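Order of appearance sets the numbers: ligands from 1, and atoms from 1 within every ligand. None of these values were measured; they are calculated from a predicted model. All residue numbers refer to positions in the sequence shown, counting from 1.
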Amino acid sequence: MRFVSTRGEAPSIGFEEVLLSGPAPDGGLYVPETWPHWSAAQFSNLAGRPYAEIAGAVLASFIDDPFWADVTAGAARDVYRRFRHADVAPLVAMGANGYLLELFHGPTFAFKDFALQLLAPLMDEALKRRGDTALVLAATSGDTGAAAIHALAGRSKIKVVVLHPKGRISDIQRRQMTTVTAANIRNIAIEGTFDDAQALVKSLFADREFAARHKLAAINSINWVRIAAQAAYYISTCLRLEMKPVTFAVPTGNFGDVFAGFVAKKMGAPVKRLIVATNQNDILARAIETGVYARGPVHATLSPAMDIQVASNFERLIFEAHGRDAAQTRRLMGEFASTGSLTLAPAACAFVGGIFSAVSVSEADTLATMARIFKSTGRVVDPHTAVAIQAAEQSAPTGDTVVMLATAHPAKFPDAVEKAIGQRPELPPELRSILTARERCVTLPNDAAALKTFIAAA
Ligand SMILES: *Cc1c(COP(=O)(O)O)cnc(C)c1O
């Protein structure tokens, strides 16, 4: 399988390259040249099989090279075995036709572990094969940094530098990163906001000479392998529900997770509809309803992993919705870059509306949902999950089987939980122990030169 850029002006690349790459050189995102499509027999052969085997099979559909298919299947067995639940992604009944898909049983208690745990050993292997090393540089508003640090700690070919905005992430989120003492991990608290940290990272990547000299690498959610890894839990869910049509409600920020649901549908899984659940940062909800994708101000909310104004992965859907027309995608993305807004062609808008619905959930409704679920079921859900539950309630057609993605463990967001239900969530032992563990972190000013000096010495 080759991968092509959504903007059509970069050469196609293979699995090993796509594993190590961020955006394509033409600014686009890599997508598979053609979509694999599974037969009914391919699905039924996997029914009842362990999660790791399903994930290995999903990934293998995007790999021609038998070496990489083998390495990936082995890595899947190895990493998903270490999740805290035997089902890896357990499905819990909620209401008559509803289910919660619990995606928080990985090492850092958020769904980003599904992709990053798998990506880390694959990147390490690719670098070993090339006799090369990399320095993963990332800015985080919470969950991504922790998932990346836990996945990459102790890897021989990779150093990791993660920036977080000083004092602006939860204690638990910070400690999940700063208590990892592996020699290849560096934490930096930036004196500024998340946007400042993100801008610093972007400016270092944009300095091509510096980026090449220090072998900077990214692990953000535009990496194709992350999307493919996430498609696996949509497929495992459809298998578990005996291939009945399923509507999924997905808490959405960068559009990576819900796009993985689209990938599962393209592969032949019975995904009926995808509900894009956003908080009050509603750029995606507006785009899906009106066809106009326009930047707005970012609001800080109870579900910070979705406080995003530009959803990078949406470009992949724009490409698909316009019949994979790279020239048109390039034109639209150019328009978005220069004006902050783009308008989908009418046919593309109809294509999107045929598969996706979107709901923007207010802060008040997020809290009310958490309280209502606690009262009626005794279950504590995190604010991101609550956004999905409320969106499903508002927009899933009655009678549909609905699966709501639970993307984080409530213990990661104790303040929001307390605000909603009047008590703090119980901390799992793994999170309790980091409260007293020693932290390692340096503080740096919001300044590219200072960051460069630090990285040069790392
Ligand atoms: C990252 C994240 C999301 C958003 O996922 P995207 O792939 O960016 O749309 C939702 N919930 C939680 C808890 C997250 O960490």
- prompt: On the ring face of Phe109, is Arg84 found with NZ or CZ under 6.0 Å from the centre and within 45° of the axis?
  reply: yes
field: Thr339 vs Ser341, side chain to side chain donor-acceptor pair (under 3.5 Å): CA-CA, chis, key distance, verdict
entry: CA-CA 5 Å; Thr339 67; Ser341 166; 5.0 Å; no
message: Applying side-chain contact (heavy atoms from CB on, under 4.5 Å) to Asp382 and Lys412, what does each step give before you reach the verdict?
response: CA-CA 8 Å; Asp382 102 288; Lys412 289 193 86 167; over 6 Å; no
Output a table of donor-acceptor pairs, distance under 3.5 Å, between side-chain atoms of residues 22-36 and any protein atom two or more places apart or on a different chain; print 'none' if there are none.
residue : atom : partner : partner atom : Å
Asp26   : OD1  : Ser5    : OG           : 2.7
Asp26   : OD1  : Gly28   : N            : 2.9
Asp26   : OD2  : Ser5    : OG           : 2.9
Asp26   : OD2  : Gly8    : N            : 3.4
Asp26   : OD2  : Glu9    : N            : 2.8
Asp26   : OD2  : Ala10   : N            : 3.3
Trp35   : NE1  : Glu320  : OE1          : 3.2
Trp35   : NE1  : Glu320  : OE2          : 3.2

N/O donor-acceptor pairs under 3.5 Å from side chains in residues 414-422, not counting sequence neighbours:
residue : atom : partner : partner atom : Å
Asp415  : OD1  : Arg424  : NH1          : 3.1
Asp415  : OD1  : Arg424  : NH2          : 3.1
Glu418  : OE1  : Arg424  : NH1          : 2.7

statement: By side-chain hydrogen bond (donor to acceptor under 3.5 Å, both in side chains), Glu53 pairs with (sequence neighbours left out) Arg49
Starting from the N and O atoms of ligand 1, collect every protein N/O partner closer than 3.5 Å and put each pair on its own line with the distance to 0.1 Å.
residue  : atom   : partner : partner atom : Å
ligand 1 : 7 (O)  : Gly256  : N            : 3.3
ligand 1 : 7 (O)  : Asp257  : N            : 2.9
ligand 1 : 8 (O)  : Asn254  : N            : 2.8
ligand 1 : 9 (O)  : Gly253  : N            : 2.8
ligand 1 : 9 (O)  : Asn254  : N            : 3.2
ligand 1 : 9 (O)  : Phe255  : N            : 3.1
ligand 1 : 11 (N) : Thr407  : OG1          : 2.9
ligand 1 : 15 (O) : Lys112  : NZ           : 2.5
ligand 1 : 15 (O) : Asp143  : OD2          : 2.7

